[in-house]
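Before any comments, here is the structure.
Throughout, residue positions are numbered sequentially from 1 according to the sequence presented.
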Amino acid sequence: MNKKVVLSGVQPSGSLTIGNYLGAIQNFSKLQEDYECIYAIADLHSITVPQVAKDLRRRTYEVLALYMACNVDPEKSTIFVQSHVPEHLELSWVLSSISYMGQLSRMTQFKDKAKKSEENLNAALFTYPVLMAADILLYQTDFVPVGEDQRQHLELARDLAIRFNSKYSETFKVPDNLIRKETGKIYSLKDPSVKMSKSSEDENSYILMLDDPKTIERKIKRAVTDSDAHFCYSDDQPGLKNLINIYQAFSNESVEDIVKQYEGESYGPFKKDLAEIIIESLKPIQDEYSRLINDKAFLEEVMAKGASKASYLANKTIRKVYRKVGFVQI
Ligand code: TRP
């Protein structure tokens, strides 16, 4: 392997939104030309919040089919399901022995989620960042393309790599964030102060990659804009700004051009065109997805191949780690 290694993961915890697409998956196919790419379907992470088993199983197939519908090519990249490679759990245990409770309890995502589920807080929610560090460090990853919300977790992975290396001798590569051309974070269509999220209770707040045209039109029509009916790109109008960002990301037109085009008009025509652009951009992905999702045998073949490629690499690292910590090898 002489290309640099890129690793990323998506949890199969819900249907994917256009935020997941624009922020991550769209970029995955581009990266595979220049990097050795490893893409995990992070099912082990998903059970940190309650899941219905049959839905989790179904979504694992869905995420795989969506990855491929977005041109992630299993011949070029390694696509695998995290639970198929038990080394993730083995390394996670070893790393937890050098993780400090203090640092884990300062993770903002943990604090947020802890607030929401106060009565029965599970331990996996607390050690989730250690598992994510294991995902990254197992593959001697150079770059992790993550957004703002996962930056602190990547920072932990770096800390753990450095700590392990200095305690036991050089073992892990210290990963870096892969800075992307900023698509801008995509926010909720109902409340532009929070990220667009598939776990939101209001289904009008997000657009799913698999939403049909009518649904997309309806959701865009109902998206909040601001009472000040003046078409401009400004922090004072976060609802409209978010919609312009979505328009920009799908059309690749510049923000200035978009503003020029709709200046002086009401929001109606802009929203109509925006819905159209999203529908047209998603159509080829949705068509390919429908074809793939019905071919379970093929998806399982891809999973099996991915698992064996990933296991080979993961096993090399875990053997080294076990030797260094003093486990007897037979
Ligand atoms: N925790 C990430 C998320 O929720 C998903 C993930 C799991 C991940 N393992 C990873 C991302 C490793 C990057 C690298 O979005």
* Return the minimal non-hydrogen interatomic distance between Ile98 and Arg163, and the atom names on each side. =>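 For Ile98 versus Arg163, the nearest heavy atoms are O-NH1, 2.5 Å.
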* Identify the heavy atoms of Lys219 and Asn204 that sit nearest to each other, and give their distance. =>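 So the two residues come closest at CG-OD1, 3.6 Å.
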Hydrophobic clusters here meaning ILVMFWY residues chained together by side-chain heavy-atom distances under 4.5 Å, can you tell me if [X] and [Y] are in one?
{"X": "Tyr100", "Y": "Phe110", "answer": "no"}
{"X": "Tyr39", "Y": "Ile293", "answer": "yes"}
{"X": "Leu160", "Y": "Leu131", "answer": "no"}

Does a donor on one side chain sit under 3.5 Å from an acceptor on the other, for [X] and [Y]?
{"X": "Ser200", "Y": "Ser205", "value": "yes"}
{"X": "Asp159", "Y": "Gln103", "value": "yes"}
{"X": "Thr17", "Y": "Asn20", "value": "yes"}
{"X": "Asp149", "Y": "Gln109", "value": "no"}
{"X": "Asp212", "Y": "Thr215", "value": "yes"}
{"X": "Asp273", "Y": "Tyr262", "value": "yes"}

* Find the distance between CG (Asp257) and OH (Tyr247) and round it off to the nearest 0.5 Å. =>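 The distance works out to 10.0 Å.
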* For the side chain of Asp43 and the backbone of Ser83, is there at least one donor-acceptor N/O pair under 3.5 Å apart? ->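 A pair under 3.5 Å: yes.
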* Asked: Does the pair Asp236 and Lys241 meet the rule for a salt bridge (charged side-chain N to carboxylate O under 4.0 Å, His left out), with working shown?
  -> CA-CA 9 Å; Asp236 298 336; Lys241 185 177 174 185; over 6 Å; no
* To do: Apply salt bridge (charged side-chain N to carboxylate O under 4.0 Å, His left out) to the pair Glu217 and Lys221, showing each step before the final yes or no.
  => CA-CA 6 Å; Glu217 274 170 20; Lys221 208 180 257 171; over 6 Å; no
* Asked: salt bridge (charged side-chain N to carboxylate O under 4.0 Å, His left out) between Glu203 and Arg218: does it pass, once the steps are laid out?
  -> CA-CA 11 Å; Glu203 61 165 34; Arg218 192 192 70 228; 3.7 Å; yes
* To do: Name the orientation class of the two ring planes belonging to Phe250 and Tyr21 (parallel below 30°, tilted from 30 to 60°, perpendicular beyond 60°).
  =>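 Phe250 vs Tyr21 ring planes: parallel.
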* For the residue pair Phe231 and Tyr267, categorise the inter-ring angle as parallel (less than 30°), tilted (30 to 60°) or perpendicular (more than 60°). =>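 Geometry flag for Tyr267 against Phe231: tilted rings.
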* salt bridge (charged side-chain N to carboxylate O under 4.0 Å, His left out) between Asp287 and Arg291, worked out -> CA-CA 7 Å; Asp287 289 349; Arg291 199 182 64 78; over 6 Å; no
* **Side chain proximity check, Tyr139 to Thr317, heavy atoms < 4.5 angstrom** =>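 In short, these two side chains do not touch, never coming nearer than 4.5 Å.
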* So with a 6.0 Å cut-off around NZ of Lys309, is the heavy-atom count from everything else above 12? ->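 More than 12 within 6.0 Å, yes.
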